[in-house]
2 protein chains.
Amino acid sequence: MKSKTYHHGDLKNALIKAGVEILAKEGIGKLSLRKVALKAGVSHTAPYSHFSDKQSLIAAISTEGFQRLSKALDSAIKSHANNPKKQLIEGAQAYVKFALANKDIFKIMFSSALEKEKDYPAFVEVSQKAFIQVIDIVRTCQEANIIKSGEADVLAVIIWGQVHGIIALAIEGQISHTVLEKKSLQEIVTQAIEQAIKS
Amino acid sequence: MKSKTYHHGDLKNALIKAGVEILAKEGIGKLSLRKVALKAGVSHTAPYSHFSDKQSLIAAISTEGFQRLSKALDSAIKSHANNPKKQLIEGAQAYVKFALANKDIFKIMFSSALEKEKDYPAFVEVSQKAFIQVIDIVRTCQEANIIKSGEADVLAVIIWGQVHGIIALAIEGQISHTVLEKKSLQEIVTQAIEQAIKS
DNA sequence: ATTGTAATCTTGACACTGTCAAGATTTTAA
DNA sequence: TTAAAATCTTGACAGTGTCAAGATTACAAT
């Protein structure tokens, strides 16, 4: 695979990939620049040629997370064109699925491991894109008279917040066992949306 | 206040307090055991007489956060006895207020800075207590016919998740400026609940 | 093609961190 | 009174993020 040249060739992506792997296998607490570098087969300061600091790498990983999430949302939207309600429900399901399948990436995306002092344009762009997708679904539902009309973005925050909150609580282990024995996360989220819709 | 005895007298609480202060002033990233010890005026390993490791101190800080939150909820509940709807709305407002006034404690309470391998009984107890308070409010609303009946705990997760999710997104800076210019967090949360109620 | 400049990567260093081990001091209980 | 337990200190170690200086390579301008 890798010819042992002095220059790696695609180190930046290799570092992100290594970071994602460490995140999945060992969790946020074990993610270090040095370990990422080691995994990519370079010296411990090589990452500094591509990332200004650890925050910057985290931003890149989060960005990739949002790209994947965005792609999942897009797929849900396109799979159910002309069926706004299904778009909404399946979009939410995609959100749940993504979070459960990528717990630590999901955490890092939202849990402000990223301190927002500096801004990371790519991150901001793709995370806003995800929000815009949600707004669009809501707007479509409004046009189809499935959701009450009004400010679509505020409504989107409310609905998105609901989905996000339930998942976040679940991932952090804050939802009691007894509840999760009755209903799966998927079911709870779906029920939440159904309630929100028929109002 | 402190006589300079060899034994501190109330070091455990002093460490928690110091931790909370650092959290408020410098954020999660700057919270270290050594700094907490320094602030309390003891050596860098003194905390190990009271906390098995850093996680354990974080657990204690989170626990205190839940105690405060729980107290705020309790106050909202008691201030509006015989008015379930107000209990629900004011409870949510208390939740918002607490989160905004203690952003970093709120983050640490939920953002799994606490890795859940070991369990922390005091933490589990008080965090569950908060959830029980929420369930009770929901149950009361059901009895007053303000919320549709059904499994109260599942409904509580849905409502709590909604409130929590909106706040979490806001605190992590994920809610776009344009939305927050139209409506404050308090208003958004209230609107969310009003919608949830009249279904 | 040559060469200078920029990009990439390495070695070495520093301060800071969590944590352990050994020992000092104080409190508590027998 | 004294033995044991609790509390606190000093000293050490490995792991971390990050900087500085220099080595190696790619690349663009001549």
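The chains referred to below are lettered A, B, ... by the order of the sequence lines, with proteins before strands, and numbering in each begins at 1.
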To the nearest angstrom, how far is [X] atom [atom1] from [N] atom [atom2]?
X: B:Asp53; N: C:dC20; atom1: CG; atom2: P; result: 8 Å
X: B:Leu11; N: D:dT9; atom1: CG; atom2: P; result: 8 Å
X: B:Glu26; N: C:dC16; atom1: CD; atom2: P; result: 13 Å
X: B:Lys30; N: C:dG18; atom1: NZ; atom2: C1'; result: 17 Å
X: A:Lys35; N: D:dG17; atom1: NZ; atom2: C1'; result: 14 Å
X: A:Tyr48; N: D:dT16; atom1: OH; atom2: C1'; result: 9 Å
X: A:Lys54; N: D:dG15; atom1: NZ; atom2: P; result: 15 Å
X: B:Asp10; N: D:dC8; atom1: CG; atom2: P; result: 10 Å

Single hit among A:Phe131, A:Tyr120, A:Phe110 for ring-ring contact (aromatic ring centres under 6.0 Å, His included) with A:Phe66: A:Phe110

Side-chain N,O ([X]) to OP1/OP2 ([N]) below 4.0 Å:
X: A:His44; N: C:dG12; value: no
X: A:Ser32; N: D:dT16; value: yes
X: B:Ser49; N: D:dT7; value: no

Neighbour count >12 (heavy atoms, 6.0 Å) for atom NZ, A:Lys35: yes

A:Lys71 NZ: over 12 foreign heavy atoms closer than 6.0 Å: no

Polar pair under 3.5 Å, donor/acceptor by atom type, side chain B:Thr45, base C:dT19: no

Sugar-phosphate only, base, or nothing, as touched by B:Gly29 at under 4.0 Å among non-hydrogen atoms: nothing

Of the listed nucleotides ([options]), which one gets closest to any side-chain atom of [X]?
X: A:Ser43; options: C:dT10, D:dG17, D:dA12; answer: C:dT10
X: A:His50; options: D:dG17, C:dT19, C:dT8; answer: C:dT8
X: B:Ala46; options: D:dC8, C:dC9, C:dT19; answer: D:dC8

Verdict with reasoning, A:Gln133 to A:Ser70, per side-chain hydrogen bond (donor to acceptor under 3.5 Å, both in side chains): CA-CA 8 Å; A:Gln133 289 175 292; A:Ser70 183; 2.7 Å; yes

CA sep, side-chain torsions, deciding dist, call: A:Glu64, A:Lys17, salt bridge (Lys or Arg N to Asp or Glu O under 4.0 Å): CA-CA 10 Å; A:Glu64 212 201 80; A:Lys17 192 174 175 185; over 6 Å; no

